[in-house]
Student: 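Below is one structure. I have some questions about it.
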Amino acid sequence: MADPKGFLTTGREVAETRPVGERVKDWNEVYVPGSLLPIISKQAGRCMDCGIPFCHNGCPLGNLIPEWNDYAYREDWSAASERLHATNNFPEFTGRLCPAPCESACVLGINQPAVTIKNVEVSIIDKAWGNGDVTPQPPERLSGKTVAVIGSGPAGLAAAQQLTRAGHTVAVYERADRIGGLLRYGIPEFKMEKSHINRRIEQMRAEGTKFRTETEIGRDIDAAKLRRRYDAVVIAAGATVSRDLPVPGRELNGVHFAMEYLPLANKVQEGDLTVSPITAEGKHVVVIGGGDTGADCVGTAHRQGALSVTQLEIMPRPGEDRNANQPWPTFPMLYKVTSAHEEGGERVYSVSTTHFEGDEDGNVQALHLVEVEFKDGRPTQKPGTERSIPAQLVTLAMGFTGTDQANGLVQQFGLELDERGNVARDADYATNVGGVFVAGDAGRGQSLIVWAIAEGRSAARGVDRFLTGSSALPAPIRPTDRSLTV
């Protein structure tokens with residue numbers, strides 16, 4: 001145990017953010033660089049090294065949290081990095097982007113603020129990169145087997161790295177022009193600067209992983225032909241079909257899916273565009289959807305110079321404390337103020353959009369909404385609560401409904417789908433097609449980055465066993481495992 005009295009003597013401190021007036025003028029990460037290191041050792045010392053560390057169960061990766069907390073407390077950064085990488089291929093991604101279900105399951109969190117596990121994690125990996133502790137790990141020998149990975153998001157990258165290190169020759173196919181999937185084009189720069197992805201890609205290249213961009217399986221390459229070319233295939237194409245809002249006026253100019261809006265803003269930061277074709281500058285912006293993607297739209301709109309930003313959510317406003325029906329160690333639904341919300345805008349709960357109103361040129365000008373209340377789990381409109389708000393840009397951030405079937409990948413492979421429209425798989429992540437496996441949102445449905453990495457690692461074990469007859473690779477989760485929720 002790092003500090004036997006740490007949880008009694010040290011209060012919770014989190015990463016310091018830059019002033020709002022400063023950070024909305026740029027696209028750099030919102031946190032003050034280096035602000036964690038002076039406090040993080042004491043924060044790690046708050047870990048109680050529990051006899052049964054429930055943080056392991058809250059995290060699908062099974063991260064060895066008490067162990068690397070102890071090393072961080074002692075400032076043994078090399079050892080902390082080794083323990084961190086033992087279960088997580090990309091802790092700099094999860095340390096920045098994961099909502100930290102591990103902290104919800106922290107035993108200290110029963111009656112005190114939980115350990116800042118996420119901040120400790122990102123401090124360890126940033127220190128490891130700075131110290132040169134993160135190096136390529138090429139395999140000692142090659143197996144002679146080849147694997148194609150379709151999709152370069154966190155699940156695809158994790159599977160590819162694990163299989164490459166196991167000695168297989170791996171090629172990752174990505175339909176976009178750069179590697180990273182939604183990490184690259186769905187996550188704004190102010191949440192995670194893309195330099196973190198770039199250096200991981202270089203590490204993977206040095207280990208032997210090959211990357212093929214601007215190649216969409218199903219359109220550019222027939223999926224059946226790809227299967228014949230490789231000994232195994234991993235589908236990690238995500239659940240990229242956005243949930244639509246079929247109300248009158250949906251066809252108006254200025255109403256876009258979040259995943260039409262956010263990638264263009266990221267392309268500006270990559271230097272591909274000078275100005276985004278879809279911009280919030282000088283406009284009243286409405287974001288429909290109260291989740292993380294909606295918050296990303298809010299922060300992006302602030303930086304583009306929106307006149308106003310309003311975020312709508314059909315669900316009631318969550319409380320700031322755990323509800324009795326969401327006990328520890330489950331992941332509770334709490335009112336969350338992200339960095340984007342700190343920067344301004346209005347959040348409106350318990351409302352539903354009835355229709356959009358446009359001008360004579362077909363451009364959206366207003367959004368009409370109505371208050372709702374839930375009866376028997378379904379939203380019911382409250383008469384007399386209808387109103388309209390100005391809207392020259394509307395982004396739909398209401399989640400995703402399944403993997404893309406329009407490109408022909410599912411049909412060409414002949415894949416079976418489950419009742420939710422995800423690619424069906426068995427306990428080894430294998431589909432109904434021999435040698436074809438699925439990992440991440442394509443098989444699980446829309447989920448968190450930490451689940452995607454866990455799925456990629458687990459699917460890699462299934463592939464390795466298929467190719468060689470046995471495997472020493474870890475499989476932290478089963479396809480049927482779910483998060484600690486109620």
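Index from 1, following the sequence. The structure displayed is predicted, hence computed values, not measured ones.
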Student: Would you check if the side chain of Arg23 reaches a backbone N or O of Arg18 as a donor-acceptor pair within less than 3.5 Å?
Tutor: yes

Student: Look only at the side chain of Ser81 and the backbone of Trp77, and say whether a donor-acceptor pair between them is shorter than 3.5 Å.
Tutor: no

Student: Determine yes or no for a side-chain-to-main-chain donor-acceptor pair under 3.5 angstrom, with Thr279 supplying the side chain and Ser276 the backbone.
Tutor: no

Student: With a 4.5 Å heavy-atom cut-off, do Val275 and Glu281 have their side chains touching?
Tutor: no

Student: For the residue pair Thr213 and Asp177, confirm or rule out a side-chain donor-acceptor distance under 3.5 Å.
Tutor: no

Student: Please report, to 0.1 Å, the donor-acceptor pairs under 3.5 Å made by any side chain of residues 117-127, with sequence neighbours excluded.
Tutor:
from   : atom 1 : to     : atom 2 : distance (Å)
Lys118 : NZ     : Cys98  : O      : 2.7
Asn119 : OD1    : Ala15  : N      : 2.8
Glu121 : OE2    : Asn88  : ND2    : 3.2
Glu121 : OE2    : Thr94  : OG1    : 2.8
Ser123 : OG     : Asn119 : O      : 2.8
Asp126 : OD1    : Arg96  : NH1    : 3.4
Asp126 : OD1    : Arg96  : NH2    : 3.3
Asp126 : OD2    : Arg96  : NH2    : 2.9

Student: Just checking, is any N or O donor in the side chain of Gln162 or Asn89 under 3.5 Å from an acceptor N or O on the other one?
Tutor: yes

Student: Kindly compute the distance separating OG1 (Thr353) from NE2 (His368), expressed to the nearest 0.5 Å.
Tutor: 10.5 Å

Student: Do the side-chain N and O atoms of Gln311 and His341 include a donor-acceptor pair separated by under 3.5 angstrom?
Tutor: yes

Student: In chain order, what residues pass the side-chain hydrogen bond (donor to acceptor under 3.5 Å, both in side chains) check against Glu371, with sequence neighbours excluded?
Tutor: none

Student: Main chain of Pro113, side chain of Arg12: is a donor-acceptor contact present, judged purely on distance under 3.5 Å?
Tutor: no

Student: Tell me whether Arg420 at atom CZ has more than 12 heavy atoms from other residues, nucleotides or ligands lying less than 6.0 Å away.
Tutor: no

Student: So Val337 and Arg347, do their side chains get closer than 4.5 Å, heavy atoms only?
Tutor: yes

Student: Once you round to the nearest 0.5 Å, how far does CD of Glu357 lie from CD of Gln365?
Tutor: 8.0 Å

Student: Does Tyr31, at its OH atom, have more than 12 non-hydrogen atoms belonging to other residues, nucleotides or ligands within less than 6.0 Å?
Tutor: no

Student: Can you list everything that forms a side-chain hydrogen bond (donor to acceptor under 3.5 Å, both in side chains) with Asp481? Sequence neighbours excluded, please.
Tutor: Arg478

Student: Do Arg219 and Tyr173 meet the cation-pi criteria used here (NZ or CZ under 6.0 Å from the six-membered ring centre, within 45° of the axis)?
Tutor: no

Student: Kindly indicate whether the side chain of Pro379, heavy atoms from C-beta on, has any atom under 4.5 Å from the side chain of Ser350.
Tutor: no

Student: Let me see the working for Glu202 and Arg200 under salt bridge (Lys or Arg N to Asp or Glu O under 4.0 Å), right down to the final yes or no.
Tutor: CA-CA 5 Å; Glu202 291 309 308; Arg200 276 296 177 185; over 6 Å; no

Student: Any luck finding a side-chain donor-acceptor pair between Asp441 and Gln446 under 3.5 Å?
Tutor: no

Student: May I ask you to decide if the ring planes of Phe190 and Trp27 are parallel, tilted or perpendicular, using 30° and 60° as cut-offs?
Tutor: tilted

Student: Between Lys194 and Glu270, is a salt bridge (Lys or Arg N to Asp or Glu O under 4.0 Å) present by the stated rule, with each step listed?
Tutor: CA-CA 9 Å; Lys194 301 308 176 282; Glu270 295 281 6; over 6 Å; no

Student: Quick one about Arg444 and Asn422 (side-chain donor to acceptor, distance below 3.5 Å, no hydrogens or angles considered), yes or no?
Tutor: no

Student: Has Arg178 got its NZ or CZ under 6.0 Å from the middle of the six-membered ring of Tyr185, at an angle within 45 degrees of the ring axis?
Tutor: no

Student: Without hydrogens or angle criteria, can the side chains of Gln161 and Gln203 be said to hold a donor-acceptor pair below 3.5 Å?
Tutor: yes

Student: Taking everything shown except Asp321 itself, do over 12 heavy atoms lie less than 6.0 Å from its CG?
Tutor: no

